[in-house]
Amino acid sequence: MTDPQTPYVAAERPPYLLASLVALGALVLYVLTLAPTTQFWDTSEYIAAAYVLGIPHPPGNPLFVLIAHTWGLVPLAAGYAMRINLLAAVTSAVAAGCWFLVSERWMREWVPARLPRRLAALAGALVAATAFTVWNQSVVNEKVYTLSLLAIALVLWLIVRWDDQPAGEGHDHHLLMIVFLLALTSTNHMMGVLVGPAVVVLLFPPLKAQRPVDEAGRRLEWSQWLVFCSVYALIVASGLENAGPLKIAAVLFLGALAYAFLQARNWDFALAVLLVAIVGLSVYVFLPMRAAHFPPINEGEPTNWKALWEVLTRQQYGKPPVWERQATLVAQVGMWVQYFSWQWGRDFPTSIQSALAVLFGALGLLGAVRHWLADRRRAIAMTVLMATFTLLLIFYLNFKYGYSWQPEKQLAREVRERDYFFLASFALWGVWVGMGLATLMEWISEGLELRVPDGARRWMLATPVLVFALIPLWGNHFTASRKGETLARDFAFDLLQSVEPYGVLVTAGDNDTFPLWYAQEVEHVRQDVTVVNLSLANTDWYVRQLQRRPLASFDSTRAPAMYRGRAWPKPPGKLLDYTDEQVANLQPVYWLDQKRYVNFGGLTITLDPQQLGRQYLERADVIVLEAIKDQLGKRPIYYSRTVGPYADQFGLTGYLEGQGFARKLRQQPLAASDSIKLLPVFGFVNLPRTEALSFGVYHSDAAARHRPRGWVDRPSEGILATYGLLYQSLAQALRPTKPEVANRALLLADSVFKNTSYGFIPPAER
């Protein structure tokens, strides 16, 4: 509520034009550093799901799919992936404009000079927009979180606007929009819903009123607060893992409705709030409706209530309860601190990153303290917001030890860095940093009071301190950028083209599978190849989809020259000879009591618990073995190099012929010859075919291009290193017969390795 002693606060309108310019500036920055195509991790999955109107991994993210699909229809860029990446840039840029508005409004309490205040708000928005994780996630649609970030920013600004109303007035349209956005964003990701506690604080009636309100007005405000809290509880409960919270939230709403009807005569508002929440949550209906049409990407296949509930509650991941910590709470907080230290100068050496973390940590704390001194109520809301997006998230997410946390120790680790989960935390810290810089300006202004009588001029003389806000812009511009990076798309193309027509390709995880989905579904590259992902093959729905998926015809006109000039008959039938009943009866594991041998048409497979490192076969193992039994001799069967020694664990080493990034399964044991060479690490390699792929098909130059900070994402650098290992082995094998080609291969390998942790030298050490 406005302080009557500061009339300029009430009279000043929000600077929407300047906020638009802030958003435009952020967008320009993001576009200049935008990823030109798909990237690793979930990027390809979400882009492909948007393209085919599919269902990505739980909880399905229906709002994102619908928005991204619609957005992708607009020809904003030539490539579809770049269009969806642009969606991430736009949503994050608009959020930056909202951070400016919120900062500017809240700093009116102690920064009376308009231009300096707006410059300080601009500084806060700049810091928020250029924090490493925010920037890095804003130039590629790697996740759904920039859409959540936009929802958080919009809700925060709407409650700030509502808070400026005269005491006792409803302004219900603000609250209805807030509830609608909260319900809507929950169908994208529950992160967006976490802005709700700040709304609860600012709506709370006893703290809001700063001048007398009649009894009717007080009852109206109480009914608004009670109704919002109960409906917000319903929205939150809809995303939790059991039905208990839903029942409690429903009882709370009935109580709030009774109060609104009997005391405040505000029952129509209560019903309107419930209605808009239902409309927002109704986006979830997309999941079963679309799943029933069996799109190419249909994770969880929520065609019935049980499957839908399992998707919404993320049961596929099987995380333990929060009280069973996957790492110590101290370490989990420490991981957030580690991620915080990356935000302000990721391009710099670790020592400078740490120093900048102290600097920006101090500036943020200074801003928080000044906010508390100037406006305790709104500062409480901001503090609750920060606590929700840091401490509550740390506790609830319950991560294992970070990928780079104490690397010298053997710990159960996350497969990648999880800093993106704290995207909102780092953006909001930028708002506090802006307030901290405004506080420094205030101190300088007070110090100049005797020499410069004009207060506005004193504030202007203090604005150079805002130059600190440029540090993240400079300190992250190499590492946060994705400009020119095409490796994920290139690798997908190269791997698919390594496989002969109508091949079956076994892959392992996200980074060697999702880019293939993107290449096949969006760019229509080698759709004749059937991809079998080992991790997903342990689920029942994925096996059904493998059986259901029609085999596309091979298009020789879009394939490399090595596949042209001959007929490739299309094999009939499904991947597996299983009936639907047999698929339904597949077990999660099959126990192995002893070493066994299985012979498939001359191919001997060894099932050895000692060699497998476990006393059982997983469902995925059974699927791959069944595919071998049913398709060997009918369709080419390949293992991607990315699955490591998986096939070797079944005694297949002598049957695997390396062909570039894939290993083809032969029916008879291989022997060294003029064309088949036994190479260290790579095993048997078809040298002529691998050479033809490596120099005639693969995107070797793109893989070997110089990257100023090397390959930043260490968990995914194995894909890039695979290029280096391939060309290095090829150089050794070709040295005796083709020294010029060998030299070229060695140069490519050297250039690749310089971008990885195996050979990268940081700029400070060169």
Side-chain angles (χ1 to χ4, degrees), residues 41-42 44-45 49 54-60 241 291 294 296-304 306-320 326 400 412-416 504-517 530-549 574-592 596 598 605 607-609 611-631 637-640 642-650 652:
W41 302 110
D42 296 340
S44 298
E45 178 197 10
I55 299 172
H57 65 262
E241 297 181 8
F294 302 111
I297 297 175
N298 193 7
E299 297 207 41
E301 206 171 88
T303 54
N304 55 59
K306 179 177 181 295
L308 177 62
W309 183 253
E310 289 176 351
V311 166
L312 294 179
T313 55
R314 306 163 179 83
Q315 292 185 22
Q316 179 177 322
Y317 302 115
K319 288 192 71 170
Q326 298 194 98
K400 300 174 186 175
R413 300 183 182 278
E414 295 291 324
V415 297
R416 61 175 298 195
V504 177
L505 176 62
V506 179
T507 60
D510 294 359
N511 283 337
D512 65 349
T513 303
F514 292 160
L516 305 187
W517 289 4
T530 299
V531 178
V532 179
N533 177 274
L534 290 174
S535 58
L536 294 179
N538 283 314
T539 66
D540 54 355
W541 57 265
Y542 183 72
V543 179
R544 290 195 298 270
Q545 289 178 28
L546 286 175
Q547 290 290 83
R548 187 184 301 118
R549 185 181 178 92
K574 300 177 181 179
L575 175 67
L576 310 175
D577 284 345
Y578 282 151
T579 64
D580 292 345
E581 183 179 1
Q582 288 174 314
V583 170
N585 290 328
L586 284 170
Q587 301 301 307
V589 296
Y590 293 83
W591 294 99
L592 280 174
R596 298 176 182 273
V598 180
I605 295 177
L607 306 180
D608 184 359
Q611 201 166 356
L612 288 171
R614 44 190 162 90
Q615 297 289 325
Y616 57 86
L617 292 178
E618 295 181 342
R619 180 182 299 173
D621 303 325
V622 174
I623 296 303
V624 173
L625 293 175
E626 182 68 17
I628 293 173
K629 180 178 75 69
D630 297 339
Q631 300 299 336
I637 297 175
Y638 285 83
Y639 291 86
S640 169
T642 55
V643 303
Y646 175 76
D648 303 272
Q649 293 173 344
F650 292 88
L652 297 176

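For the pair V506/Y638, no side-chain contact is recorded, criterion being any heavy-atom separation below 4.5 Å from C-beta on. With contacts defined as side-chain heavy-atom distances shorter than 4.5 Å, the pair W309/Q315 qualifies. V598 places none of its side-chain heavy atoms less than 4.5 Å from the side chain of L625. Residues I55 and P302 have side chains in contact (heavy-atom distance under 4.5 Å, counting atoms from C-beta outward). Under the 4.5 Å side-chain criterion, counting only non-hydrogen atoms from C-beta, V622 is in contact with Y578. R549 has its side chain out of reach of T530: every pair of non-hydrogen atoms, C-beta onward, lies at least 4.5 Å apart.
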Could you give me the CA-CA distance, side-chain angles and deciding distance for K400 and E414, then say whether side-chain contact (heavy atoms from CB on, under 4.5 Å) is met?
-> CA-CA 5 Å; K400 300 174 186 175; E414 295 291 324; 3.3 Å; yes
Apply side-chain hydrogen bond (donor to acceptor under 3.5 Å, both in side chains) to T507 and S640, showing your working.
-> CA-CA 6 Å; T507 60; S640 169; over 6 Å; no
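The backbone N or O of N585 lies less than 3.5 Å from a partner atom in the side chain of Q587, making a donor-acceptor pair. Of the possible polar contacts, one joining the Q631 side chain to the L575 backbone as a donor-acceptor pair under 3.5 Å is found. Between the side chain of Y646 and the backbone N or O of Y639, no donor-acceptor pair lies under 3.5 Å. Side chain of Q547 to backbone of L576: a donor-acceptor contact under 3.5 angstrom is found. With hydrogens and angles disregarded, a donor-acceptor distance shorter than 3.5 Å links the side chain of N304 to the backbone of A307. At distances below 3.5 Å, at least one donor-acceptor pair connects side-chain atoms of R314 with backbone N or O atoms of L312. Judged by distance alone, the side chain of Q611 and the main-chain N or O of D648 form a donor-acceptor pair under 3.5 Å. Looking at E301, its side chain never comes within 3.5 Å of a backbone N or O of N298 through a donor-acceptor pair. Without hydrogens or angle criteria, D621 side chain to L617 main chain gives no donor-acceptor distance under 3.5 Å. Remark: the backbone N or O of W41 is not paired with any side-chain donor or acceptor of D510 at under 3.5 angstrom.
In this structure, the salt bridge (charged side-chain N to carboxylate O under 4.0 Å, His left out) partners of D540, at least two apart in sequence or on a different chain, are R544.
For the atom pair CD1 of I637 and CG of L505, the computed distance is 11.0 Å after rounding to the nearest 0.5 Å. Distance check, rounded to the nearest 0.5 Å: OH of Y590 to CZ of R619 gives 7.5 Å. Interatomic distance, L516 CG to N511 CG, rounded to the nearest 0.5 Å: 10.5 Å. Taking CD from E310 and CH2 from W541, the interatomic distance works out to 12.0 Å, rounded to the nearest 0.5 Å. Taking CD of E626 as the reference point, atom CG of L546 lies at 12.5 Å (rounded to 0.5 Å). Atoms CG and CG, on N533 and D512 in that order, are 7.0 Å from each other to the nearest 0.5 Å.
Closest approach of L612 to L592, counting heavy atoms only: CD1-CD1, 3.7 Å. Taking all atoms of both residues into account, the shortest heavy-atom contact from E299 to P56 is CB-O, 3.6 Å. For the residue pair S535 and G509, the shortest heavy atom distance occurs at OG-CA, 4.4 Å. Nearest approach of Y542 to L536, heavy atoms of both residues: CB-O, 3.2 Å.
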